[in-house]
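I have placed the structure first, in the form of structure tokens, so that the comments after it can refer back to it.
Small disclaimer: the values here were computed from a predicted structure and weren't measured. Per chain, numbering begins at 1; letters A, B, ... match sequence-line order.
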Amino acid sequence: MSATPTTTPTSTKPNKKVTKTNIKETLLTPRFYTTDFDEMETLFNTEINKNLNEDEFQALLQEFKTDYNQTHFVRNKEFKEAADKLDGPLRQIFVEFLERSCTAEFSGFLLYKELGRRLKKTNPVVAEIFSLMSRDEARHAGFLNKGLSDFNLALDLGFLTKARKYTFFKPKFIFYATYLSEKIGYWRYITIYRHLKANPEYQCYPIFKYFENWCQDENRHGDFFSALMKAQPQFLNDWKAKLWSRFFCLSVYVTMYLNDCQRTDFYEGIGLNTKEFDMHVIIETNRTTARIFPAVLDVENPEFKRKLDRMVEINEKILAIGENDDNSVVKNLKRIPLVAALVSELLAAYLMPPIESGSVDLAEFEPKLVY
Amino acid sequence: MLSMGTLTLSSSTTMVAHTTSNTFLGTKRQILSNKTSSLPMSLVSPTNQNFNLISSFKKQTPFTTAVASVQSDNVSSSDAPATKNEFNKYYFIVANAKFMLDEEEHFQEQLFERRRYYGERNKETDYWLVIEPKFLENFPDITKRLRRPAVALVSTNGPWITFMKLRLDRVLSGSFEADSLEEALASNPTNLEFGKPEKWVAPYPKYESGWWESFLLSGQKEVSS
């Protein structure tokens with residue numbers, strides 16, 4: 001799980017040694033995505049798909065062109081000073097936070113950039129929105145990478161582009177997964193921002209002060225995926241869509257929970273209780289997601305959190321096996337019952353009674369709704 | 001303008017019917033609907049103008065006549081920027097006050113973000129919050145589904161209201177015309193008080209109540225004077 005800054009020192013300035021880092025890949029590291037671009041082209045071809053809600057896409061285009069944060073990501077000298085003050089384990093934790101965040105933003109940049117390029121002919125409006133979103137992601141990634149430079153590190157993004165493995169998702173899975181990751185990104189950042197605003201004594205690194213405006217970008221990106229899914233109602237309106245919605249909710253929430261529980265030092269370092277923070281983020285993301293997904297999980301049921309906590313315990317045991325001195329055959333044998341336990345917890349969480357949901361523009365309950 | 005309104009009404013009613021079944025038949029001065037309200041947006045960005053016009057026509061073939069008249073109407077009005085005393089079209093979304101002002105905290109963030117942006121670019125405000133708007137009297141199909149007190153977000157920027165509808169989802173939307181800003185934003189005096197949430201588990205305090213006052217027309221006048 002841990003990112004290991006390894007070698008490849010390159011010097012940019014005479015006195016400054018910048019170490020380009022590679023990240024050790026595991027199941028839970030931020031991923032790079034690729035998709036079936038031909039299918040995407042077909043989905044958003046206005047000739048073929050006459051149901052595309054041009055109004056919403058035009059509205060989104062205007063919103064992205066507005067570019068609220070054009071002048072927001074400007075660094076000041078606080079960054080270097082704060083980086084110099086961070087030492088001991090917390091320093092390493094912050095480096096890892098910056099690396100992972102930068103990778104996640106850069107991953108968005110690559111995918112959106114390519115979609116912007118590929119859809120140019122079939123749907124110029126959707127294509128331009130993708131390009132404008134890749135602008136945001138590049139800005140975010142660049143800002144984080146500059147943050148790393150204060151620690152005399154830099155992510156080699158060119159190298160990452162070529163060397164990382166890409167996870168293939170069919171377009172509809174890209175929609176579910178990216179929608180969730182943008183919205184959960186919003187809730188994570190706004191929660192950290194508001195917590196630090198209320199408790200400034202934990203404000204140990206200036207990047208958090210940028211989160212309030214920053215996360216509005218994430219929220220807007222999520223809105224765009226909402227519109228994309230509404231334009232493809234077949235991804236929202238049947239039993240398969242409900243099963244996939246629950247599946248993606250579960251995998252995104254569990255990944256975050258397990259990831260963050262391995263990094264409690266980071267969250268405690270900024271004065272948060274990791275599990276409370278995560279549950280808050282999960283509940284809010286789930287409420288937001290219920291505005292579009294046809295079904296979401298009952299995350300407010302206390303049993304859901306109990307299941308997550310058991311998964312954390314099992315995951316810790318699995319990780320502990322990896323760290324001891326047994327040979328790999330023994331390690332794998334020891335892992336089997338634990339992995340089975342984890343899978344059964346996941347399955348049980350997946351099968352908990354879900355909550356029916358969806359956008360009022362598509363939902364059956366709309367006529368009865370009181371606003 | 002008024003005759004265009006009637007044409008639009010008939011077409012938009014049909015168009016909306018199959019998506020939201022959410023149609024409102026108002027007086028001639030209300031041109032209604034989520035669907036047509038956003039047509040002028042294609043004229044906002046000059047670079048996309050041609051494409052959008054074409055795609056709108058293609059998409060809505062059955063309503064070509066009505067759509068065309070709305071568009072030509074908007075072409076003329078966008079060529080000559082409307083001044084305050086002219087007829088002006090206002091777009092809105094509306095829901096109960098608790099939803100708009102108390103529960104959806106990201107809504108507040110968006111309004112402050114927009115205010116910051118308008119300040120940076122010296123843009124004149126074209127969006128307002130209205131508590132218990134008087135214009136709702138002309139929308140019986142909205143009011144019968146609305147919990148009170150209600151709060152509307154009103155703007156002359158139609159596409160932005162379409163975007164806000166996409167974001168908030170659980171809101172009703174429409175548009176109307178008014179002779180003046182004061183008329184458009186007229187409200188019935190109401191006292192808003194929201195009880196404290198039963199369980200507040202967020203690791204931060206809730207936003208202060210009353211944040212919305214500076215987004216009301218009266219609040220803005222106080223700020224500027």
Exercise. Determine, step by step, whether B:W212 and B:F194 satisfy the ring pair (Phe, Tyr, Trp, His ring centres under 6.0 Å) criterion, reporting the C-alpha distance in whole Å, the side-chain angles of both residues, the deciding distance to 0.1 Å, and the verdict.
Key: CA-CA 13 Å; B:W212 52 83; B:F194 306 113; 5.7 Å; yes
Quiz prompt | Residue selection (most heavy-atom pairs with chain B, distance under 4.5 Å) from A:M279, A:R291, A:Q216 | solution = A:R291
Exercise. For each of A:L196, A:V281, A:L60, tally heavy-atom pairs with chain B at distances under 4.5 Å, and name the one with the top tally.
Key: A:L60
Quiz item: With a 4.5 angstrom heavy-atom cut-off, which part of A:K230 approaches chain B: side chain, backbone, both or neither?
Solution: side chain
Quiz item: Is A:K305 salt-bridged to A:D309, cutoff N-O under 4.0 Å?
Solution: yes
Exercise. For the pair A:K121 and A:E41, find out whether any cationic side-chain nitrogen is under 4.0 Å from an anionic carboxylate oxygen.
Key: no
Self-check item: Lys/Arg-Asp/Glu bridge criterion (N-O < 4.0 Å) met for A:R188, A:D260
Solution: yes
Self-check item: Region of B:L168 that comes under 4.5 Å of a non-hydrogen atom in chain A
Solution: backbone
Self-check item: Residue, of A:Q70, A:E212, A:R220, that accumulates the most heavy atom pairs under 4.5 Å with chain B
Solution: A:R220
Quiz prompt | Heavy-atom proximity to chain A below 4.5 Å, by part of B:K206 | solution = backbone
Self-check item: Portion of B:F112 that has a non-hydrogen atom of chain A nearer than 4.5 angstrom
Solution: neither
Quiz item: What part of A:I292 lies closer than 4.5 angstrom to a heavy atom of chain B: side chain, backbone, both or neither?
Solution: neither
Quiz item: By a 4.5 Å heavy-atom criterion (distance strictly below it), what part of A:E284 contacts chain B: side chain, backbone, both, or neither?
Solution: neither
Quiz item: Is the closest basic N to carboxylate O distance between A:D136 and A:R139 below 4.0 Å?
Solution: yes
Quiz item: Is it the backbone or the side chain of A:T71 that comes under 4.5 Å from a heavy atom of chain B, or both, or neither?
Solution: side chain
Quiz prompt | Leading residue by heavy atom contact count with chain B [cutoff under 4.5 Å; candidates A:I283, A:N69, A:L272, A:N219] | solution = A:N219
Self-check item: Residue B:R121 versus chain A: region with a heavy atom under 4.5 Å
Solution: side chain
Quiz item: Parallel, tilted or perpendicular for A:F211 and A:F97, by the 30°/60° rule?
Solution: tilted
Quiz item: Hey, is NZ on B:K98 packed in by over 12 heavy atoms from elsewhere, all under 6.0 Å?
Solution: yes
Quiz prompt | Side chain, backbone, both or neither of A:Y193 within contact of chain B (heavy atoms, under 4.5 Å) | solution = neither
Practice problem: Verify side-chain contact (heavy atoms from CB on, under 4.5 Å) between B:L172 and B:F139, making sure each step is shown before the conclusion. | Solution: CA-CA 11 Å; B:L172 293 160; B:F139 293 93; over 6 Å; no
Exercise. Run the numbers on A:C204 and A:I270 for side-chain contact (heavy atoms from CB on, under 4.5 Å), then give the verdict.
Key: CA-CA 7 Å; A:C204 57; A:I270 57 172; 4.1 Å; yes
Exercise. Pick one of side chain, backbone, both or neither for A:E276, based on which atoms fall under 4.5 Å of a heavy atom in chain B.
Key: neither
